[in-house]
Amino acid sequence: QVQLVESGGGLVQPGGSLRLSCAASGSIRSINDMNWYRQAPGKQRELVAGITSGGNPNYADSVKGRFTISRDNTKNTVYLQMNSLKPEDTAVYFCNADVVTSWLRPVRSYWGQGTQVTVSS
């Protein structure tokens with residue numbers, strides 16, 4: 001019913017930058033929070049950043065000051081600008097959104113398929 005598609009991942013040198021995008025499509029009435037998670041090999045998935053429908057952001061301590069989350073509600077898209085990347089940032093990054101698909105139904109959380117970010121020399 002709702003699809004989230006991430007893009008922008010890739011290989012980057014330490015200290016470099018990447019900009020991830022996640023576009024939501026389908027039966028969307030509105031989107032509440034949108035979030036970026038990541039999962040590194042052998043580790044649990046962790047919340048990287050989130051943003052409310054009004055644009056208020058929050059960040060994990062590990063990325064605060066380096067990453068910036070933003071959204072364009074007219075495009076149902078959330079972005080993650082990643083600067084000063086470190087090898088520890090290497091992970092699959094997943095987009096997550098709390099979506100209202102019907103005014104008669106409760107909010108539901110949806111996930112994208114993930115995009116690989118590799119920070120390496």
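Closest heavy-atom contact between Leu85 and Arg66: CA-NH1, 3.9 Å. Between Asp89 and Ser84, the shortest heavy-atom distance links the atoms OD2-O, 4.4 Å. Taking every heavy atom of both residues into account, Leu4 and Ala24 meet most closely at CD1-CB, 4.0 Å. In plain terms, the two heavy atoms of Arg19 and Ser70 that are nearest each other are NH2-OG, 4.2 Å. Taking all atoms of both residues into account, the shortest heavy-atom contact from Leu18 to Gly8 is CD2-O, 3.7 Å. In terms of heavy-atom proximity, Arg71 sits nearest to Ile51 at NH1-O, 3.4 Å.
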**OP:** Show your working on side-chain contact (heavy atoms from CB on, under 4.5 Å) between Ile31 and Val78 and close with a plain yes or no.
**Re:** CA-CA 11 Å; Ile31 303 178; Val78 63; over 6 Å; no
Original post:
How far apart are the C-alpha atoms of Met82 and Leu20, what are their side-chain angles, what is the distance that settles it, and do they pass the side-chain contact (heavy atoms from CB on, under 4.5 Å) test?
Top reply: CA-CA 8 Å; Met82 304 185 294; Leu20 306 183; 3.7 Å; yes
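Using a 4.5 Å cut-off between side-chain heavy atoms of Ile, Leu, Val, Met, Phe, Trp and Tyr, with links allowed through other members, Val107 and Trp103 fall into the same hydrophobic cluster. Under the 4.5 Å side-chain heavy-atom criterion for grouping Ile, Leu, Val, Met, Phe, Trp and Tyr, Tyr37 is not connected to Ile69 through any hydrophobic cluster. Transitive grouping of hydrophobic side chains (ILVMFWY, heavy atoms separated by less than 4.5 Å) keeps Val100 and Ile28 in distinct clusters. Cluster membership for Trp111 and Val92, using ILVMFWY side-chain heavy atoms within less than 4.5 angstrom, is shared. Val12 and Val63 end up in the same hydrophobic cluster when Ile, Leu, Val, Met, Phe, Trp and Tyr side chains are linked at under 4.5 Å.
Taken from OG1 in Thr52 to CG in Asn58, the straight-line distance is 8.5 Å, to the nearest 0.5 Å. With rounding to the nearest 0.5 Å, the separation of CZ in Arg38 from OG in Ser62 is 4.5 Å. Residue Gln116 holds its CD atom at 7.5 Å from OG1 of Thr90, rounded to the nearest 0.5 Å. In this structure, CD on Gln3 lies 11.5 Å from SG on Cys22, to the nearest 0.5 angstrom. Within the model, atoms CG of Leu80 and OG1 of Thr115 stand 11.0 Å from one another, a figure rounded to the nearest 0.5 Å. Interatomic distance, CZ of Arg105 versus CZ of Arg29, reported as 8.5 Å (0.5 Å rounding).
There is no side-chain donor-acceptor pair under 3.5 Å between Ser53 and Asn32.
Take Asn96 and apply the side-chain hydrogen bond (donor to acceptor under 3.5 Å, both in side chains) test, not counting sequence neighbours, and it matches Asn35, Ser109.
Using a 4.5 Å cut-off on side-chain heavy atoms (C-beta onward), Lys86 and Pro14 make no contact. In this structure, Glu6 and Trp36 have side chains that are in contact, with non-hydrogen atoms separated by less than 4.5 Å.
Applying the ring-ring contact (aromatic ring centres under 6.0 Å, His included) test to residues at least two apart or on different chains, none of the pairs has a partner in residues 63-99.
Among Thr77, Asn76, Asp72, the single residue meeting the side-chain hydrogen bond (donor to acceptor under 3.5 Å, both in side chains) criterion with Thr74 is Asp72.
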